[in-house]
Amino acid sequence: MSVRVRFAPSPTGYLHVGGARTALFNWLYARKLGGVFILRIEDTDRERSTDAHTQVILDGLAWLGLQWDEGPIFQGACGSRHRADAERLLAEGKAYRCFCTPADLEEQRKASAAGKAAFKYDGRCDRLPAGEVAARLAQGAPSAIRFRMPKGEIDWEDAVHGRISFQGHDLDDLVILRSDGTPIYNLAVVSDDIDMRITHVIRGDDHVSNTPKQIALYRALGHEPPVFAHVPMILGSDGKKLSKRHGATAVGDYRNQGILPLAMRNFLALLGWSPGGDREILPESEMIAAFSLGGIQKKPAVFDTAKLEWMNGQYLSQLSADELLAPTRRELERMGIALDHRDLRPVINAVKARSRTILHIAEQVAVRLDGMRTKRDERGQQLVAKMGPAYTTNLRSVVEALEAVPESDWTPDHLLGYLKAVAEAQSLKLGDVMQPVRVALTGSTVSEPVNELLAVVGRQQSLARLRSAS
RNA sequence: GGCGCUAUCGUCUAGGGGCCUAGGACACAGCCCUCUCAAGGCUGGAACACGGGUUCGAAUCCCGUUAGCGCUACCA
């Protein structure tokens, strides 16, 4: 039987990095086994689901290059099947009607909390005589359908964790169909996974405790459960589950910060999984070839932004200026800087070695071609002050010499010669003539070699800016 | 509280009884290169949570302790 896996996010928020990694593992597994990767949108929570969120998820997956083979299938469209499954369980005596209202249950919960024990539905409606049930239904009393949880042990061989077992008597008789006829998550998932002939359920560890309930449901519906693989959570630097207060948690946030999709995907793959050996930067083909569920870590992983940026830098350095051009332009557009008429490639080449993100590249381009001052370079003025009067004196000497340089000599090689000549003539160290130029042109003490910087900014612009600075 | 899961450098991990005086990567420190900063190269500090077993031999197997995390809805 061929492998069929699914990624099933609910469109109630953005595409979280944890979700993205779950999607990635599903995708890798499908690709590795020649299986089918299906996208299902779990939108049964009508209140919180929106089309906008769905679109963000679709965009995020596409950006990461995780192409799905089937779907997106919308769970909300399968309500009649969910209802039919619930009613079948009811008819077969595997479920029962529950007339407890949410208010009743709230009260039961409170009473139980006082006794320090965990609340567990006591099955009072399961003990209602058949006549009573019929009478209440006849009166039109609203009722939900509850699944009667089998009492024995429920266990499975988890592809990541190994054997996990629960005792049926620790589990609740869970509601599977609300009184308004809509399904509850655990039923919808099982019903859909059966319908879609899912063979492997690869999802987050937060679903481990749902698994025994779902296995019971599978059996009650007359189907063998699929293979389950529960992948560990992703934590913030403080060891708590990654959330908004840790800063960026959505895939889109990293996209906006100038992270490349392949770098993001590679980083995510290494969070909780290792190809074995010492490999880190993996092309898609190697990643797929090396992937296995057994190679997934059992413990949660901390999301380390520094390593993500390092990895992004690795990918960045492998790309040519031509390949970096489009993303850089997109970033500049987002920044509201119009440089459409300029050839950005020489500048990109000059700055990319010192950049870890596309955003940083775009900023450097803007500084050079648009005279933009970035926030991080605002301290340029302070640097000038720090250099004292020598800054102005030395800068003037350079400007004077550079003004005599013809356009035809305005190249990195020739400029280096001119700068060295200035240093020699003034008995200065090369750094003493270069650093003022660097600061004047970029507002920063950090940049590519000054002769390259001058070439990239261009003769006219360089001289104009240096003059006004000196 | 109950149930479940987990436990190797600060972080991501290699490791599946002897190859481990525990390897790699990020981060950090130093050196080289150098006009600055990156990149690159070299060097360094840094971990098997604790306690019992099993075994000739345990990071690796078993038990317990501790700690962390997850779940505990007519949410998903």
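We name chains A, B, ... by the order of the sequence lines, and we start the count at 1 in each one.
Applying the 3.5 Å distance criterion, the base of B:C37 shares no donor-acceptor pair with the side chain of A:Ser447. On a pure distance criterion of 3.5 Å, a polar donor-acceptor pair joins the side chain of A:Lys307 and the base of B:A25. For B:C37, the base has no donor-acceptor partner in the side chain of A:Arg438 [N/O atoms by modelled type, under 3.5 angstrom].
Distances were taken from every side-chain heavy atom of A:Thr44 (C-beta onward) to each of B:C74, B:A76, B:C5; the shortest belongs to B:A76. The side chain of A:Phe166 lies closest to B:G4 when the candidates are B:G4, B:C35, B:G24. Listed nucleotides B:U6, B:G4, B:A76 differ in distance to A:Ser10; the shortest reach to its side chain belongs to B:A76. Side-chain proximity of A:Trp310 to B:C37, B:C26, B:U13: nearest is B:C26. When distances are taken from the side chain of A:Ile184 to each of B:C5, B:C74, B:U13, the shortest belongs to B:C74.
If you check every strand for non-hydrogen atoms under 4.0 Å, A:Ser179 touches a base. Note on A:Leu171: nothing from the nucleic acid sits closer than 4.0 angstrom, heavy atoms only. Among the atoms of the strands shown, none is found under 4.0 Å from any heavy atom of A:Asp432. Counting non-hydrogen atoms under 4.0 angstrom, A:Tyr185 reaches a base of the nucleic acid. Residue contacts shown for A:Glu280 include a base, since a base heavy atom lies under 4.0 Å away. Backbone-only contact: A:Gly272 has heavy atoms under 4.0 Å from sugar-phosphate atoms and none from a base. Nucleic acid contact class of A:Lys241 (heavy atoms, under 4.0 Å, all strands): sugar-phosphate only. Contact annotation for A:Gln314: backbone-only contact, meaning every heavy-atom pair under 4.0 Å involves sugar-phosphate atoms and none involves a base. Among the heavy atoms of the strands, none lies under 4.0 Å from A:Ser355. Using a 4.0 Å heavy-atom cutoff across all strands shown, A:Val450 reaches at least one base atom of the nucleic acid. Residue contacts for A:Glu448: at a heavy-atom cut-off of 4.0 Å it reaches a base atom on one of the strands shown. Residue A:Arg146 is classed as a sugar-phosphate contact, given heavy-atom separations below 4.0 Å to backbone atoms only. Counting non-hydrogen atoms under 4.0 angstrom, A:Ser49 reaches nothing in the nucleic acid. Across all strands shown, A:Asp180 has no heavy atoms under 4.0 Å from either base or sugar-phosphate atoms.
Rounded to whole Å, atom C1' of B:C35 lies 9 Å from atom CG of A:Asn451. As rounded to whole Å, 11 Å separates atom P of B:C5 from atom CD of A:Gln167. Counting to the nearest Å, the P atom of B:C71 and the NE2 atom of A:His230 are 12 Å from each other.
Taking the six-membered ring where tryptophan is involved, the planes of A:Phe166 and A:Trp156 are essentially parallel, since the angle between them stays under 30° and well short of 60°.
Residues A:Asp413 and A:Thr411 have side chains that never bring a donor and an acceptor to within less than 3.5 angstrom of each other. No side-chain N or O of A:His360 forms a donor-acceptor pair with one of A:Thr357 less than 3.5 Å apart. In summary, the side chains of A:Arg136 and A:Gln139 do not present any donor paired with an acceptor at a separation below 3.5 Å, with no hydrogens or angles considered.
With A:His230 as the fixed residue, the side chain to side chain donor-acceptor pair (under 3.5 Å) test singles out one of A:Thr211, A:Asn210, A:Asp205: A:Thr211.
At least one test fails for A:Arg148 against the ring of A:Tyr96: distance under 6.0 Å to the centre or angle within 45° of the axis.
RNA chain B is contacted by both A:Gly431 and A:Asn210; A:Gly431 maps to the nucleotide lying nearer its 5′ end (nearest heavy atom per residue).
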